[in-house]
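I have placed the structure first, in the form of structure tokens, so that the comments after it can refer back to it.
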Amino acid sequence: MSVLISVHSRTQWLRNMTLFQRITLSVRALLILLLSLPVLAGLVGVVLPAFGYFPALDAHNFTFDVFGRLFAIDGMGKMMLLSFFTGLIATLLSVASAFLLLAVFYHSSYLNKIQTWLSPLLVLPHAAAAIALLFVLSPSGFFSSIVTNVSNILSSIGVSDAISVDGASTLLPPTWAFPYDSYGISIIIALALKELPFVFLMAVSVMSQPQIKRKFDGYFKSATALGYSPVTVFFKAIFPIVYPQVRLPLLAVLAYATANVEIPLLSGPNNPPTLAVAVVQWFNHVDLSMRFQASSAALLQVAVTLVAISVWIVGEKVAKHAQARFYSNGHRHTGQTLSAIVAYAIVAIYTLLILSIIISTLLWSFATFWQFPAFLPEGLTLLHWQTTLAALAEPFNNTVLLAVLVSGFSVIVATLALEAESLNGNSGNIGGNRHKSKPSSYFNGWAGALLSVTLFLPLLVPGVAFLYGLVWFQLAYFNEAVWFHLFISHLVYVLPYVFISLAVAYRKFDPRYIQVAYGMGKTPWQVFVKIKLPLLFAPMLVAFALGLAISFSQYLPTLLSTGGRIATVTTEAVAAASGSSARLTAVYVIVQTLMPLLGFILAWWLPTICFNPMGRYTLLQTRKSKL
Amino acid sequence: MTKSNLLLAALGRLFCLAPLRTSFELGVDSHVNLRVISKEIVSAISAFIFATTVAYASEPAETSIHAQNNAEAPTNSPLKGQPQNQSPALNQAQASNQKLGDSPTVQFHAWGGSAQVNGYIQWVGQQVSDQYNITLNHVKLADTSDAVSRVLAEKAAGNNNQGSVNLIWINGENFAAMKRHDLLLKDWANSIPNFALTNPSRNPAMTTDFGIATDGQEAPWGKASMVFYYNNQFVENPPLNIHELLAFAKQYPGRFTYPLPNDYLGISFLKYAAIALNQDHQDLLYKPVTDTALAKITPALYEYLDVLHPLMYKQGDYMLRQASQLQRLMGTGELLLAFSFTAAEIPSAVNRFDLPKSIRTYAMEDGSLANVHFIGITYNTENIAAAKQVVNFLLSPQAQAKKQQLAVWGDDSVLDFSMLTAHDKALFKPISHHDSALNKEKTLPLFAEPHSSWTDAIRQAWFDRYGERF
């Protein structure tokens with residue numbers, strides 16, 4: 001009976017909606033489909049061959065033989081361990097560092113500075129980070145030349161013996177283990193370098209939400225009044241609230257770290273490589289029967305990622321249990337000095353690493369010949385830029401066109417889907433605030449949960465696991481529509497980020513504007529166009545720029561869905577990284593980094609002139625005052 | 001010459017229509033003939049347009065060639081007389097061409113993906129038109145197997161003497177396919193006068209195409225051979241054979257490596273080592289691989305690599321995925337010795353600052369793995385004499401020297417320098433000497449590519465022994 005009533009009330013509720021509201025609801029359903037269908041179809045396309053079913057190769061029987069053969073491969077265990085530990089340690093390092101930085105610099109003027117400096121690094125594509133790190137870590141890199149110069153000076157004043165092979169070798173780079181070391185330390189450094197800004201900024205964005213910030217300020221004041229030191233306040237009062245809010249993104253980071261391809265491919269070992277790299281190699285093997293092995297290895301990769309996530313969750317539980325007493329032990333200054341020292345050390349190391357990366361990449365891109373221990377090249381030239389820019393015209397156009405299409409589409413879909421969320425006056429529902437949803441609101445119940453799971457699905461399921469299956473479906477059904485495949489496989493990665501970024505803005509939106517407008521008898525469509533769009537223009541542009549950045553940085557999805565037929569700047573850069581010229585590679589890295597940065601600069605600048613009658617004036621004023 | 005000659009040739013093509021027109025008047029089935037005629041007219045007009053365009057387009061190129069010829073004036077003058085000391089048969093063909101007053105057209109089917117190669121073939125076209133009154137038409141292929149299948153289709157259709165493909169640029173798989181289907185003219189290469197200059201008795205690579213005997217069905221045109229390069233700022237005496245290479249690795253541990261055998265250059269290094277380390281039973285490598293043959297070849301290879309690997313870059317634990325990374329590590333000084341299949345890329349990398357000026361290129365003295373590419377004549381070629389004449393020109397010191405210039409193509413000559421006269425050798429002197437370029441005047445033995453079945457066998461053997469590395 002109650003079911004009948006609820007169905008009845010629901011149909012009534014649907015009937016009362018305007019066309020616009022119905023559209024937003026269907027867009028929301030579309031969003032769930034767009035994200036889940038490719039991933040699930042892709043998984044099916046990998047699961048079937050993994051169990052020996054692949055009609056195209058005349059295999060029709062389900063067996064476990066494929067896995068048997070997979071485990072018979074030498075070094076399989078090492079591959080799995082390598083994937084598991086590099087991902088786990090890198091994530092642990094970046095999460096610990098990010099929260100330590102927050103603890104020490106929260107409520108200090110440094111927080112804003114760190115935020116400003118870390119933000120640009122967020123847009124640095126993983127491939128670019130790994131390539132740039134090679135310039136610094138390699139035996140002929142920046143650190144190595146410091147070591148060599150110092151040891152040369154020491155030996156020249158007689159403090160130590162020069163490390164020399166056959167006399168002349170103080171000019172030769174040392175033979176040290178980085179990069180490509182067999183323990184994957186290079187991978188861990190590159191991953192941590194890239195993930196630290198993400199975790200940090202994610203946490204900052206949660207903490208800067210108005211309600212939460214007000215609450216934290218209150219905690220902070222009362223705890224300080226009770227004599228707690230700032231670091232202790234953070235760990236005892238603030239961290240337990242912030243952490244659950246960033247937990248899903250953190251798990252996505254972990255999943256990515258255990259399963260990504262670019263970084264281990266560029267800086268990892270190859271005897272054996274990480275599991276994800278092996279999967280890619282097997283899928284790309286000319287011998288098509290390797291697909292079975294590749295598919296089963298891809299499933300194994302999913303298992304490795306799942307184990308890593310489970311270990312993380314168990315770790316969380318253990319830590320929570322262990323900390324129970326820590327919260328209430330009444331100590332006021334737990335690890336105050338130590339935390340500060342470590343945090344400053346992290347800032348120092350990070351700054352050194354980033355500065356040396358930026359300087360060496362810039363120098364390499366203009367360098368003529370560069371004799372090893374010298375800090376500067378012999379001369380500067382524009383040759384490498386000319387060569388690269390000439391070759392980059394077409395990939396650049398492809399990249400920009402695709403990114404604009406994907407990101408624009410994502411912003412539209414995400415906005416409309418969020419509009420559907422706010423139908424019941426409840427704005428935004430992802431992450432931890434599910435408890436707020438009222439029982440009367442149909443969508444915030446299981447559909448809300450479904451939505452948040454769907455959003456994180458492409459981020460949690462390793463790309464190597466579903467992309468190949470997806471490609472298989474794409475080839476089987478619409479072989480010629482390359483751009484469409486490319487669009488879908490980018491969308492799967494862009495849409496979640498755009499949605500999350502926009503959802504934050506929607507959640508911050510002051511509902512009083514809308515209430516006033518409705519009070520004046522405006523329709524939902526009018527409210528959306530006249531009030532929300534102009535006010536949300538800036539966050540929408542930021543989401544658009546974020547979408548551009550994500551799309552720019554996709555390597556594997558681009559390569560797989562086009563079969564190399566459409567080149568983008570990132571695919572060209574990864575190809576160039578293994579090419580013969582370090583100088584050209586440096587140019588690629590810079591172009592790759594500048595492109596998303598330009599997107600963000602536009603996102604910052606456009607709102608000052610559009611939908612903002614005062615903006616142009618203010619901009620002019622500030623410019624004049626600067627002059 | 002040229003502009004007027006090419007225009008004449010095009011006009012000649014137009015006049016070919018005349019007999020066809022009469023057949024049209026007499027013909028019963030006028031419908032079919034109409035189609036033939038219209039096709040013929042279109043092709044004639046397009047040939048005319050093509051010839052005119054080529055005639056005009058080639059003018060600037062010509063002036064630059066003249067400028068070059070002037071620069072090489074002393075060496076060039078004796079060349080003019082070269083056609084005279086050629087075999088009577090060819091001279092006869094030439095004479096008969098001139099007597100008939102029409103220029104035979106040779107259809108040259110060659111991969112057309114490189115502007116440099118296309119430019120060179122265009123130059124060849126002008127030369128053979130000048131010297132022998134032959135019109136060479138370069139049919140630019142995207143994939144050589146297209147031409148192979150066209151000849152096969154012609155054979156199936158019974159077109160046995162008016163083939164549309166005359167000369168074809170091939171090697172490896174395509175040659176094997178054409179030989180298997182009897183699509184090539186047999187036993188002609190040895191009768192080409194300039195073929196002797198390749199010294200085939202000393203260079204088996206000139207008569208073996210990936211382990212398959214050419215049997216005179218194709219003539220070598222150019223080659224790529226494995227060259228080594230080293231940094232002479234740190235290394236004075238580079239290793240000159242496979243055993244010295246091991247000594248070098250001991251002297252400079254960590255300064256040499258080779259790419260994984262998945263890479264073309266990686267497997268090439270293994271082939272070189274397999275040949276050089278198995279001097280006693282090299283012949284096994286030129287036959288299809290068998291288990292017993294593999295068991296004879298691999299022990300020496302394994303023994304060598306087992307010692308070499310720990311002495312390599314990263315103790316052989318990390319091996320490069322792509323050959324191009326070799327050059328990069330040479331540029332930073334992390335490696336002191338590396339190798340390549342394209343000698344021309346090394347000086348150009350020095351010019352781009354990717355390699356230091358102290359890089360020197362050389363070839364191993366025990367033999368360099370060489371990969372020769374060939375020209376074949378199809379069995380259904382109409383004017384065989386003209387086709388042979390073109391091949392003879394392609395093998396002339398003049399044409400081979402031109403092809404070897406870095407600015408033109410940079411493809412290695414197949415001629416044996418010991419067979420050349422002093423002034424022919426002088427032709428090969430690079431216009432601008434580059435310290436890092438290979439000294440091509442020195443002749444060293446070449447190893448032909450092993451039979452193609454060995455590639456997979458050696459690669460698999462390597463992975464079985466040294467583990468699955470990617």
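Each chain gets a letter, A, B and so on, in the order the sequences are listed, and its residues count up from 1.
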More than 12 heavy atoms of other residues, nucleotides or ligands under 6.0 Å from [atom1] of [X]: is that the case?
X	atom1	value
A:Glu394	CD	no
A:Phe143	CZ	yes
A:Tyr183	OH	no

I need the minimum non-hydrogen distance between [X] and [Y], along with the two atoms involved.
X	Y	value
A:Phe369	B:Pro356	CZ-CB, 3.2 Å
A:Asn270	B:Asp317	OD1-O, 3.8 Å
B:Thr332	A:Ser140	CB-OG, 3.2 Å
B:Arg321	A:Leu265	NH1-O, 2.9 Å
B:Lys314	A:Pro139	NZ-CG, 4.5 Å
A:Pro173	B:Gly333	CD-O, 3.4 Å

Go through A:Asp181, A:Leu383, A:Thr387 and name the one with the most non-hydrogen pairs under 4.5 angstrom from chain B.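 Ranked by contacts with chain B, first place is A:Leu383.
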
Under a 4.5 Å cutoff for heavy-atom pairs, which residue among A:Leu584, A:Thr368, A:Ile73 has the most contacts with chain B?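 Highest number of heavy-atom pairs under 4.5 Å: A:Thr368.
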
What part of [X] lies closer than 4.5 angstrom to a heavy atom of chain B: side chain, backbone, both or neither?
X	answer
A:Met79	side chain
A:Thr381	side chain
A:Gln371	side chain

At a 4.5 Å cut-off on heavy atoms, which part of B:Leu326 comes close to chain A: side chain, backbone, both, or neither?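 B:Leu326 has no heavy atom closer than 4.5 Å to chain A.
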
For B:Leu260, which atoms come within 4.5 Å of any heavy atom of chain A: side chain, backbone, both, or neither?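 Just its side chain gets close to chain A.
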
Test B:Phe353 against A:His384 for side chain to side chain contact (heavy atoms under 4.5 Å, CB included), laying out the working first. CA-CA 10 Å; B:Phe353 311 107; A:His384 318 304; 4.2 Å; yes

Distance (rounded to the nearest 0.5 Å) between B:Tyr313 OH and A:Tyr180 OH: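 Rounded to the nearest 0.5 Å, the OH-OH separation comes to 5.5 Å.
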
If you tally heavy-atom pairs under 4.5 Å against chain A, which of B:Glu334, B:Arg352, B:Lys357, B:Gln327 wins?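 Heavy-atom pair counts peak at B:Glu334.
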
CA sep, side-chain torsions, deciding dist, call: B:Phe234, A:Leu172, side chain to side chain contact (heavy atoms under 4.5 Å, CB included): CA-CA 9 Å; B:Phe234 304 104; A:Leu172 275 180; 3.7 Å; yes

